[in-house]
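Below you'll find the structure, written out as C-alpha cells, and then a few comments.
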4 protein chains.
Amino acid sequence: MPSQPTTSTLPGEPEPSRRRRKEARPQELLDAALDLFVEKGFAATKIDDVAARAGVSKGTVYLYFPSKEELLKAVIRHNLSLTIAQGDGIVAQFDGPTADLIRLVANTWWERVGETQASGIFKLIITEVRNFPDLARFYAEEVIEPGERLIVRLLQRGVDRGEFRPTNLYDTAHSLIFPMLMLCLHKHSIGACSAAEAIAKNPSGFIANHIDLMLHGLSVPRAG
Amino acid sequence: MPSQPTTSTLPGEPEPSRRRRKEARPQELLDAALDLFVEKGFAATKIDDVAARAGVSKGTVYLYFPSKEELLKAVIRHNLSLTIAQGDGIVAQFDGPTADLIRLVANTWWERVGETQASGIFKLIITEVRNFPDLARFYAEEVIEPGERLIVRLLQRGVDRGEFRPTNLYDTAHSLIFPMLMLCLHKHSIGACSAAEAIAKNPSGFIANHIDLMLHGLSVPRAG
Amino acid sequence: MPSQPTTSTLPGEPEPSRRRRKEARPQELLDAALDLFVEKGFAATKIDDVAARAGVSKGTVYLYFPSKEELLKAVIRHNLSLTIAQGDGIVAQFDGPTADLIRLVANTWWERVGETQASGIFKLIITEVRNFPDLARFYAEEVIEPGERLIVRLLQRGVDRGEFRPTNLYDTAHSLIFPMLMLCLHKHSIGACSAAEAIAKNPSGFIANHIDLMLHGLSVPRAG
Amino acid sequence: MPSQPTTSTLPGEPEPSRRRRKEARPQELLDAALDLFVEKGFAATKIDDVAARAGVSKGTVYLYFPSKEELLKAVIRHNLSLTIAQGDGIVAQFDGPTADLIRLVANTWWERVGETQASGIFKLIITEVRNFPDLARFYAEEVIEPGERLIVRLLQRGVDRGEFRPTNLYDTAHSLIFPMLMLCLHKHSIGACSAAEAIAKNPSGFIANHIDLMLHGLSVPRAG
DNA sequence: AATGAATGAGTGTTCATTCAT
DNA sequence: GATGAATGAACACTCATTCAT
C-alpha cells in the first residue's frame with residue numbers, strides 16, 4: 001500500500017545506474033519503513049520486510065541507517081519536516097474572511113498530508129513516543145507547537161475582525177484539529193480493515209461538515 | 001501507572017486470602033496487560049513483564065490465557081464490555097433539553113472511561129487492529145456501531161425537538177466524539193511524556209469548551 | 001577435549017534433578033566455554049557450540065551469563081582464582097634446600113595447572129587481552145604479580161642461604177617460568193595438531209631438564 | 001603500530017609513482033594484515049580494516065588475495081620466509097667460543113625478529129593453528145625443525161669442544177628459545193596493555209641475563 | 001495451583017565476498 | 001586496476017511457550 005512505487009525496476013524501464021540508485025535509496029527506504037512502521041508498528045516490523053519492500057536486501061538497509069531505531073527516527077524526522085511550516089505561507093498573504101481562510105488551510109492540509117503516505121506519521125508518533133521518549137520533544141517542537149500557534153493565530157484573526165466570538169483559543173484549536181488527526185489515525189487503523197465505514201468513504205464531506213459546525217459554533221450571536 | 005493497584009500486597013495492607021487472590025488473578029493480569037500493551041504496544045510487551053506487574057510468575061499467565069494473542073483479545077473484550085451500553089440507560093430516562101443531556105453523557109463517559117485505565121483501549125485498538133484484523137469486526141460491532149447509534153439518536157432528539165439545526169448526523173457525531181477520543185490517545189502517548197501541555201492539564205475544561213462549541217454550532221439560526 | 005565430562009546424562013546414570021542441574025550449570029558452561037575459547041579463540045567460538053558442548057540449548061547460556069563477553073570474563077576470572085596463591089602455602093612451610101623447593105613447586109604447578117584444562121587460560125589471555133584490555137589489569141593483579149613475587153621470594157631464599165649466586169631476580173624468575181608457560185601454550189596450539197613433537201610427549205622430562213639447567217646456572221661458582 | 005610505514009603517503013614525502021605504489025601493494029597489505037591479525041586475531045579482524053590500514057579500498061584486497069584465509073596464509077608464509085635460515089650463515093663461519101656464538105645468534109635474532117613487526121608471527125601461529133591445522137605442518141617444517149636443528153647444532157658444538165656439559169640437547173634448546181618466544185608473545189599481548197612491566201622495558205637486559213644463566217647452567221663442572 | 005528452568009524459532013546486525021562502474 | 005554499493009549467510013541475543021517440580 002505504498003503511495004509511490006518504490007520497488008526495483010519495472011520491466012521496460014531502463015535500469016537506473018548504480019549512482020542514481022544510491023541517491024534514491026534513502027528515500028525509498030524511508031518510504032518503505034513509514035509504510036510498514038505505520039501498518040505493523042515498530043516492534044512488529046522486520047528489517048527484512050523493509051528491505052524487501054524497498055526492493056533491496058537486508059544488508060543494504062544498514063548501509064544507510066545504522067540501526068532500526070535510527071531508521072525510525074529518520075522516518076519521523078523526514079516526514080515531520082514535510083509538515084512543518086506548510087500553512088504559514090498561505091495564512092500570511094490571505095485577505096478575505098477568516099472562515100474562507102480556515103477552509104482553505106484545512107483543505108490544503110488534507111490534500112498534502114491526509115491523502116498522502118505522510119498521514120501515517122501521526123499513528124506512528126502515537127504508537128511509539130512512549131518507547132522512544134526523545135521523539136516527544138522533537139514532535140512537540142516541530143509539529144505541535146508551530147501547529148498550535150498557526151491555528152490560534154487564525155482564530156485570533158477571526159476574533160480581532162469581529163467574525164468569531166471569543167473562546168478559549170487553545171481548546172478551540174484542538175477541537176478544530178483533533179477530528180482531522182482522528183481521520184488520519186482512522187485511515188491507518190480501523191479504516192484499513194473494514195472499508196464499510198461512512199467516514200472512510202467521504203473524508204472531504206466530513207471535513208466540510210466539521211468546519212461548518214465549528215465556524216457556526218464560533219459565530220457571533222446576533223445582537224438581540 | 002495503573003489506575004487501580006494491581007500489584008501484590010503493599011506492606012500494611014491485610015494480606016488478601018489465598019482464595020481472594022486466586023479469584024482476582026485474571027482481573028489483575030488483564031489490568032497489567034492493558035497497562036503494558038497500551039504503554040509499549042503488543043509486540044514490545046513481554047509476558048514476563050505482564051506477569052511481574054501482576055505479581056505472579058511467567059508460567060501463571062499461561063494458566064489463565066493460552067497465548068499472548070489470546071491475552072490481547074481478552075484485554076480488549078474485557079475493556080470493551082465495560083464501555084458498551086454505558087450511555088443507553090442515561091439517555092432513555094432523561095427528560096430535559098438535549099444540550100444538558102449531551103453534557104451529561106459526555107461528562108459521565110469521561111469519568112468512567114477517560115479518567116480510568118480503560119481509556120487506553122482506544123490506543124490499543126488503533127495500534128493493533130491492522131495486525132489482528134478480526135479485532136476490527138469485534139470493535140465495530142461492540143463499540144463503533146452502538147456508540148454511533150447512541151450519539152446519532154441524541155442528535156436526532158435535538159433536531160426533532162427543534163433544538164438543533166439539521167446537519168449530517170453521522171459526520172456531526174464524529175465531530176463530537178473524535179476530540180474526546182484524541183484526549184484518550186493523547187493521555188497515553190505525548191501526554192505521558194511532556195506533562196507541560198495545556199490540554200493534558202485540564203481535560204474537563206477542554207471538554208466543556210468543545211461541547212459548548214458544538215452545541216453553539218448546532219444551534220438553530222434565529223428566524224429573520 | 002574437556003577434562004571432565006560436561007555433557008548431559010549418560011545412559012544408565014540417574015537423571016539429575018532440575019535443581020541439581022541448575023547448580024551445576026554455570027560450572028559446566030564455564031568448562032565448555034574454556035575449552036572452546038582456547039581451541040578456537042573468542043571470536044570464532046559460537047555460543048551455540050558452547051551450549052552444545054555443555055549439553056544445553058543456546059538460550060540456557062543466557063540464563064547464566066548476560067553476554068558472550070561476560071562469559072569470557074567469567075571463564076577467565078574463574079580459572080584465575082584457581083591459580084592464584086596456589087604455591088604460597090607450600091613455600092611457607094618448606095624447610096630443606098631451595099633447589100628441592102623449586103622442583104616441588106614446579107612439579108606441583110604442572111600437575112595442578114599444566115596437566116589440566118586450566119592450562120588453556122594462558123593461551124586465552126594472550127589471545128584476548130588486546131581485545132578486552134581490562135582483562136590486562138585483572139590478570140596482572142591476580143596472576144603476574146603474585147606469581148612473580150612468589151618466584152622472586154624463592155630465589156631470594158636461595159641467595160640468602162648461600163645456595164644461589166646473585167642475579168637479576170626478576171629476569172631470572174622469567175627465565176624460570178616462561179618455558180613452563182610455553183609448554184602450556186604449545187599444548188593448546190601446535191601440540192594439539194602435530195602430535196609428533198618431542199616436547200609434547202614428555203613435558204615432565206623437559207621440566208626436569210629445565211629446572212636442572214636453571215639450578216646449575218644459579219649455582220655459586222666454586223671458590224677458586 | 002606498524003614498525004615500518006605501510007600507510008599511504010605522509011605529507012612532505014614525495015608522492016610515490018603509481019607504479020611504485022602498485023608494486024608495493026601486496027607488501028603493504030601483508031604488513032597491515034599482520035598487524036591486525038596479531039592485534040585482534042584472525043576472526044575479529046575485518047577485511048575493511050586491513051584495507052583501510054593499507055590505504056586502499058576493500059575491493060582491492062581481493063585483487064591480490066582470493067580470500068581472507070588465503071591472506072592469512074600469505075601473511076604467515078611471507079613472515080616465515082624471513083625467519084628461516086636466518087642464523088645458518090652466521091653459525092657456519094663463526095670461529096670463537098660457542099658462548100659468544102650463542103650470544104651473537106640470540107642478539108641478531110632479537111634485532112631482526114623480536115624488535116620488528118615480524119615478532120607478531122608467533123602469536124599469530126599460536127592463536128590460529130588450531131583453526132587452520134595445515135599451518136601446523138607448514139610451521140613445523142619451516143620454522144620449528146630448522147630452528148631446533150640450528151640450536152641443537154650450536155649446543156652440540158659446545159659439547160664437542162668441551163665447553164658445555166652434556167644434557168638432553170632438545171630440551172635444552174627449548175629452554176634456550178622459549179623465553180625469547182615468550183618475549184615476543186608478551187610484547188603483543190599483556191605488554192601492549194600495561195606498559196609498566198619490567199620485562200617490557202628492557203628486553204635486551206632480560207636476554208643477556210637469560211643467556212648467561214643458560215651458559216652457566218651448561219658450563220662443565222670443575223673436575224674435582 | 002504456581003513456579004521458573006529450559007527451549008528454539010525468530011530477528012537485529014555484521015561482514016566476507018561479488019561485481020557494475 | 002580500483003572502487004564501494006550490494007548481497008546474504010552467519011551469528012548474538014530475545015522471548016513466547018512448555019513442563020518437571
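Each chain gets a letter, A, B and so on, in the order the sequences are listed, and its residues count up from 1.
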Separation of [X] atom [atom1] from [N] atom [atom2], in whole Å?
| X | N | atom1 | atom2 | value |
| --- | --- | --- | --- | --- |
| Leu29(B) | dA16(F) | CG | C1' | 16 Å |
| Tyr64(D) | dA16(E) | OH | C1' | 19 Å |
| Leu63(A) | dT14(E) | CG | P | 11 Å |
| Lys68(B) | dG10(E) | NZ | C1' | 13 Å |
| Tyr62(C) | dT11(E) | OH | C1' | 13 Å |
| Leu36(A) | dT11(E) | CG | P | 13 Å |
| Asp48(D) | dT3(F) | CG | P | 12 Å |
| Leu72(B) | dA16(F) | CG | P | 13 Å |

Practice prompt. Would you please test Leu71(B) and Leu30(B) for side chain to side chain contact (heavy atoms under 4.5 Å, CB included) and show each step?
Written response: CA-CA 8 Å; Leu71(B) 175 58; Leu30(B) 290 170; 4.2 Å; yes

Worksheet entry | Residues that Lys58(C) engages under salt bridge (Lys or Arg N to Asp or Glu O under 4.0 Å), provided they are two or more places apart | Asp48(C)

Practice prompt. Between Phe42(C) and Phe42(B), just flag the one whose closest nucleotide in DNA chain F comes earlier from the 5' side.
Written response: Phe42(C)

Fill in: Watson-Crick and G-U pairing of DNA chain E written in dot-bracket, each distance under 3.5 angstrom, with | for inter-strand partners
.||||||||||||||||||||

Item to complete: Of all the heavy-atom pairs spanning Arg130(C) and Glu39(D), show the shortest one and how long it is.
Response: CB-O, 3.4 Å

Worksheet item: Residues in side chain to side chain donor-acceptor pair (under 3.5 Å) with Lys46(A), at least two apart?
Response: none

Worksheet item: For dG1(F), does OP1 or OP2 lie under 4.0 Å from any side-chain N or O of Arg25(D)?
Response: no

Worksheet item: Looking at residues at least two apart in the chain, or sitting in another chain, which of them share a side-chain contact (heavy atoms from CB on, under 4.5 Å) with Lys40(D)?
Response: Asn131(C), Leu36(D), Ala44(D), Thr45(D)

Item to complete: For Ser67(C), check side-chain contact (heavy atoms from CB on, under 4.5 Å) against everything at least two apart and list the hits.
Response: Glu69(C), Glu70(C)

Fill in: Residue met sooner reading DNA chain E from 5', once Ile47(A) and Ile47(D) are mapped to nucleotides
Ile47(A)

Practice prompt. For Thr45(A) and for Glu69(D), locate the closest nucleotide of DNA chain E by heavy-atom distance; then report the residue assigned to the nucleotide nearer the 5' terminus.
Written response: Thr45(A)

Item to complete: Give one of base, sugar-phosphate or nothing for Val56(C), where a contact means two heavy atoms less than 4.0 Å apart.
Response: sugar-phosphate

Worksheet, complete the sentence: Contacts satisfying ring-ring contact (aromatic ring centres under 6.0 Å, His included) that involve residues 44-77 of chain C (not counting sequence neighbours) are none

Practice prompt. Is it possible for you to check whether Lys73(D) lies under 6.0 Å from the centre of the six-membered ring of Phe132(D), through NZ or CZ, and within 45° of that ring's axis?
Written response: no

Worksheet entry | Set of residues satisfying ring-ring contact (aromatic ring centres under 6.0 Å, His included) with respect to Tyr139(B), sequence neighbours excluded | none

Please tabulate the protein-to-nucleotide N/O contacts below 3.5 Å involving nucleotides 8-10 of chain F, giving atom names and distances.
from, atom 1, to, atom 2, distance (Å)
dA10(F), N6, Lys58(A), NZ, 3.4

